[in-house]
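What you see below is based on every heavy atom in this structure, not just the backbone, and it leaves out hydrogens, waters and symmetry mates. A, B, ... follow the sequence lines: proteins, then strands. Residue 1 opens every chain.
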Amino acid sequence: DTGVSQDPRHKITKRGQNVTFRCDPISEHNRLYWYRQTLGQGPEFLTYFQNEAQLEKSRLLSDRFSAERPKGSFSTLEIQRTEQGDSAMYLCASSLEAAQDEQYFGPGTRLTVT
Amino acid sequence: KNEVEQSPQNLTAQEGEFITINCSYSVGISALHWLQQHPGGGIVSLFMLSSGKKKHGRLIATINIQEKHSSLHITASHPRDSAVYICAVASNFGNEKLTFGTGTRLTIIP
């Protein structure tokens, strides 16, 4: 068990470019969550998957954001036409199944949009 | 009003002091999490609890469901405890998504 991994750890991009982040959860974990954290704030929920099904999306997730978990294993989060306001830490977490199960966090991907 | 409120926002203490961080929430929950975040962003789960009290080493977490309040205590604090401590609650509406407080920045001075 290597824990939750995220790639890349840091991304600097110019406004208007598209970026894609990857999250590899702990292998037997069915649930996968994406959160976003801006400086000085707690993380905010973006979306979550139960296996390959995306079950909920936050209103924070505009139509420029899309997330997938095609085979119920790794997940990708894509941001199209990035804006400076997208600059944040994007965190991924996974858990076995439900609320009684602890969420394990990845190291995060820090996005800077210039 | 935020669904999850933490206090204090910042706390500086001398090494060895007993530390208490408080968390109040306003929604129905299935579980409450205490998380630790070090500079650089990595988040580590310290406790997940839905009732009573849990202890791990020098850390103790308590929750009062009726009062919608939880506390995190650190005994014999040490400079390596310096971090941001975040309280998060898991919704009881079936998705178990976490709603986070803004965190308490703890600095322990040697």
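Residue contact with chain B, scored on non-hydrogen atoms closer than 4.5 Å, involves the backbone of A/P107 exclusively. Neither the backbone nor the side chain of B/Q9 comes within contact range of chain A, judged by heavy atoms closer than 4.5 Å. Contacts of A/Q37 with chain B are made by side-chain atoms alone, with heavy-atom separations under 4.5 Å and no backbone atom involved. For a residue to count as touching a neighbouring chain, one of its non-hydrogen atoms must lie under 4.5 Å from one of that chain's; by this rule B/L35 touches chain A with the side chain only.
Note on B/L11: it clusters hydrophobically with B/L59, by side-chain heavy-atom contacts below 4.5 Å among ILVMFWY residues. Under the 4.5 Å side-chain heavy-atom criterion for ILVMFWY residues, a single connected hydrophobic cluster contains both A/L61 and A/L111. Note: the hydrophobic cluster containing B/L72 also contains B/I19 (ILVMFWY, side chain heavy atoms under 4.5 Å, direct or indirect links).
Atom CG of A/L60 has more than 12 heavy atoms from other residues, nucleotides or ligands within 6.0 Å. Surrounding CZ of A/R15 are at most 12 heavy atoms belonging to other residues, nucleotides or ligands under 6.0 Å away. Other residues, nucleotides and ligands place more than 12 heavy atoms under 6.0 Å from the CD atom of A/Q80.
Among B/G101, B/A88, B/G42, B/S45, the residue with the largest count of heavy-atom pairs under 4.5 Å with chain A is B/S45.
Checking each of A/Y104, A/Y35, A/F105 against B/I43 for a side-chain contact (heavy atoms from CB on, under 4.5 Å) leaves exactly one that passes, namely A/F105.
Remark: A/Q103 CD to B/M48 CE distance equals 9.0 Å, nearest 0.5 Å.
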